[in-house]
Protein chains: 2
Amino acid sequence: MNVKELFEKGSELAYQSCIPHVSVDCVVFGFHESSLKVLLLKMKGVDKWGLPGGYVKKQEDLDQAAYRILKARTGASNIFLEEFKVFGKVGRSEADMAHLPESFWQRQRFVSVGYYALVNYAEITPVTDRISESCEWKDIDSLPELMMDHREILENALHTLRRNINYSPVGLNLLPREFTMPQLQRLYEIILGKPLHRGNFQRKIHSFNILNKHDANPSKKAHRPPILYSFDTVRYNEALQNGLKQEW
Amino acid sequence: MNVKELFEKGSELAYQSCIPHVSVDCVVFGFHESSLKVLLLKMKGVDKWGLPGGYVKKQEDLDQAAYRILKARTGASNIFLEEFKVFGKVGRSEADMAHLPESFWQRQRFVSVGYYALVNYAEITPVTDRISESCEWKDIDSLPELMMDHREILENALHTLRRNINYSPVGLNLLPREFTMPQLQRLYEIILGKPLHRGNFQRKIHSFNILNKHDANPSKKAHRPPILYSFDTVRYNEALQNGLKQEW
DNA sequence: CCAAAAGTGTTAGGCCTACACCCATGT
DNA sequence: ACATGGGTGTAGGCCTAACACTTTTGG
């Protein structure tokens, strides 16, 4: 099947099963090698990248739709997902679909609901679907050109992530189950965009009583191996209720 | 026209000019006599109250739709308005419309975008439209029964308002142009839900340098009349950029 | 004089920052 | 020895909460 036929097939299916004019876009954050990543798709026939997204089935909650879309793209369920903003300008979605016939589903005006997700980089396998050429992690500092208003959506998500850092389970969802203190600190430094004082950081984290200590890491490097920690999820979530109050 | 005919007329017009499945609901806050108020409508033929809301025209930005809906209900433009959450559960909107024929616009499944507005109570004239019996301010502490999930929407808006108090132009938009220091303090106390220390409050507000002092109020009471203030809008907005940092 | 409003001083505590110094561990 | 990691002590600065005291004004 060529690209147009793929879109046509998608168009037919969507008309049958989805609500028109409403779409969902997901900004999926991951953390790897000391930098923040976002999951992006490259569509066939378009020379730009886009956020994973989709439509809402007629008998499906909006949140469920976001979960379904994410699961299709990552294979993972139990993902942290939160709606953060709606994008509803006239003409925001049609521009990059102008090559398709007017009758196609994709040519509609869409009001898109933006979700941001926090996932464990290592546990995810980016899945390419039929209408996308590739599905990859991209570094937040070197993004390719994005279609439609996806750049704006992404930046809004990042802004929300920063603002919510004391209320979102950032550490729990972006790090592997077992992690080291330097990793955790780097994560916070990257999200906040500034260096943090090591000693004070450790003190603060420990003061929350949300960490379980594990055996040291059997490292291969010429130094002391870092201690492995995991989160005490119960106490972590309790602490988030009041916000991890502090200014960093 | 009876109630059903009114809905029928509205249904026809909406099918012609609006996007299906998408709606807007507005939580309009006002401040009067030391308490926080919300603008509510009582629909004809339904025994519950509802938030002012409406649909999005085919060639209209989502934000524009919210402004238009609010202007119709309040007569005012230049209203502070911000989207805060989307409500998209299956069945959230249909329940209270079950008395209408299935073909009616109102029986659709709607994904509703919630906006909250801050308005100057004195400058607003609540407007009743053809399908509502009345449009009134209701005290936040004694709300009537609300239709659909409007209670949930309202509580979400209130929560957002509290969280954003240091980033929203709360004082500027909820108070009359000239106001007194005790008024301002009461506003903050009500939004935050706790009493504030008078002396410290004044000191803080003054430290921001966002107030213009006016002549004293020609009061009729047996006391010293309070000083009238207005906001220096330029400096107020500058200060909001960084958030009115403090914990209250 | 009284009651409401306005303004200022002061103290104690809490938290954050920054710097410093300690120890542990694997090569 | 050295580089990395883990942990603690402490002083200064800033903000806040709480209390107190003073002054102004209209009736």
Side-chain angles (χ1 to χ4, degrees), chain A residues 33-34 162 165-167 171 175-176 178-189 191-232 239 242-248, chain B residues 33-34 165-167 171 175-176 178-189 191-231 239 242-248:
Chain A
E33 285 177 352
S34 298
R162 291 198 166 124
I165 191 167
N166 289 338
Y167 300 93
L175 291 174
E178 300 198 336
F179 55 91
T180 70
M181 190 60 81
Q183 269 182 304
L184 182 61
Q185 182 175 345
R186 258 170 260 137
L187 174 60
Y188 270 84
E189 287 176 335
I191 293 179
L192 293 167
K194 65 178 176 187
L196 301 174
H197 188 284
R198 188 187 57 81
N200 294 337
F201 181 83
Q202 304 219 2
R203 229 188 310 241
K204 242 179 224 174
I205 293 290
H206 281 134
S207 75
F208 293 135
N209 275 317
I210 54 174
L211 295 184
N212 298 318
K213 196 179 281 201
H214 296 247
D215 288 343
N217 201 348
S219 96
K220 288 124 200 165
K221 301 202 173 174
H223 312 301
R224 172 180 185 173
I227 295 172
L228 286 177
Y229 294 97
S230 65
F231 285 105
D232 182 317
N242 316 319
L244 301 182
K245 287 276 184 233
Q246 61 226 299
E247 290 286 316
W248 299 111
Chain B
E33 287 179 348
S34 297
I165 191 165
N166 290 338
Y167 300 92
L175 291 175
E178 301 198 335
F179 55 90
T180 70
M181 190 60 81
Q183 270 183 304
L184 183 60
Q185 183 175 345
R186 257 169 261 138
L187 174 60
Y188 271 84
E189 287 177 335
I191 294 178
L192 293 167
K194 65 178 175 188
L196 301 173
H197 188 283
R198 188 189 57 80
N200 293 337
F201 181 83
Q202 304 219 2
R203 229 189 310 241
K204 243 178 224 174
I205 293 290
H206 281 135
S207 75
F208 293 135
N209 276 317
I210 55 174
L211 294 184
N212 298 318
K213 195 180 280 200
H214 296 249
D215 288 342
N217 200 347
S219 93
K220 288 124 200 163
K221 302 201 174 174
H223 312 300
R224 172 181 186 172
I227 296 172
L228 286 177
Y229 293 97
S230 65
F231 285 104
N242 315 319
L244 300 182
K245 287 277 185 232
Q246 60 226 300
E247 289 286 316
W248 300 109

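Being a predicted model, the structure only gives us computed values, none of them experimental. Chain identifiers are assigned alphabetically (A, B, ...) following the order of the sequence lines, protein sequences preceding nucleic acid strands; residue numbering begins at 1 within each chain.
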Take atom [atom1] of [X] and atom [atom2] of [N], then tell me their distance rounded to the nearest Å.
X         : N       : atom1 : atom2 : value
Met181(A) : dA24(C) : CE    : P     : 18 Å
Gln185(A) : dT17(C) : CD    : P     : 12 Å
Gln202(A) : dC22(C) : CD    : P     : 18 Å
Lys194(A) : dC16(C) : NZ    : P     : 12 Å
Leu211(B) : dA6(C)  : CG    : C1'   : 13 Å
Leu192(B) : dA17(D) : CG    : P     : 11 Å
Gln183(B) : dA6(C)  : CD    : C1'   : 16 Å
Phe179(A) : dG5(D)  : CZ    : C1'   : 15 Å

If you look at every heavy atom in [X] and [Y], which pair is closest and at what distance?
X         : Y         : result
His206(A) : Tyr229(A) : NE2-OH, 3.6 Å
Leu196(B) : Gln185(B) : O-NE2, 3.0 Å
Ala239(B) : Ile210(B) : CB-CG2, 4.2 Å

Item to complete: Just do the side chain to side chain contact (heavy atoms under 4.5 Å, CB included) check on Phe179(A) and Leu211(A) with the steps written out, would you?
Response: CA-CA 10 Å; Phe179(A) 55 91; Leu211(A) 295 184; 3.8 Å; yes
Any donor-acceptor pair under 3.5 Å between the side chain of [X] and the base of [N]?
X         : N      : result
Arg203(A) : dG6(D) : no
Arg198(A) : dG6(D) : yes
Arg224(B) : dA4(C) : no

With respect to the side chain of [X], which nucleotide from [options] is positioned closest?
X         : options                 : result
Asn200(B) : dA17(D), dG5(D), dA6(C) : dA17(D)
Lys213(A) : dG7(D), dG5(D), dC16(C) : dG7(D)
Pro226(B) : dT17(C), dA3(C), dA5(C) : dA5(C)

Discussion item. If you compare every side-chain N and O of Lys204(A) against the phosphate oxygens of dT17(C) (OP1, OP2), does one of them come in below 4.0 Å?
Written reply: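 Looking at the OP1 and OP2 atoms of dT17(C), one of them is under 4.0 Å from a side-chain N or O of Lys204(A).
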Discussion item. Using modelled atom types and a 3.5 Å cut-off, is there a donor and acceptor pairing between side-chain atoms of Gln202(B) and backbone atoms of Met181(B)?
Written reply: no
Worksheet item: With nearest nucleotides of DNA chain D determined for His197(A) and His197(B) from heavy-atom distances, which residue corresponds to the more 5′ nucleotide?
Response: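 Comparing both residues, the 5'-ward one is His197(A).
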Response to the item:
Of Gly199(B) and Arg186(B), the one whose closest nucleotide on DNA chain C sits nearer the 5' end is Arg186(B)
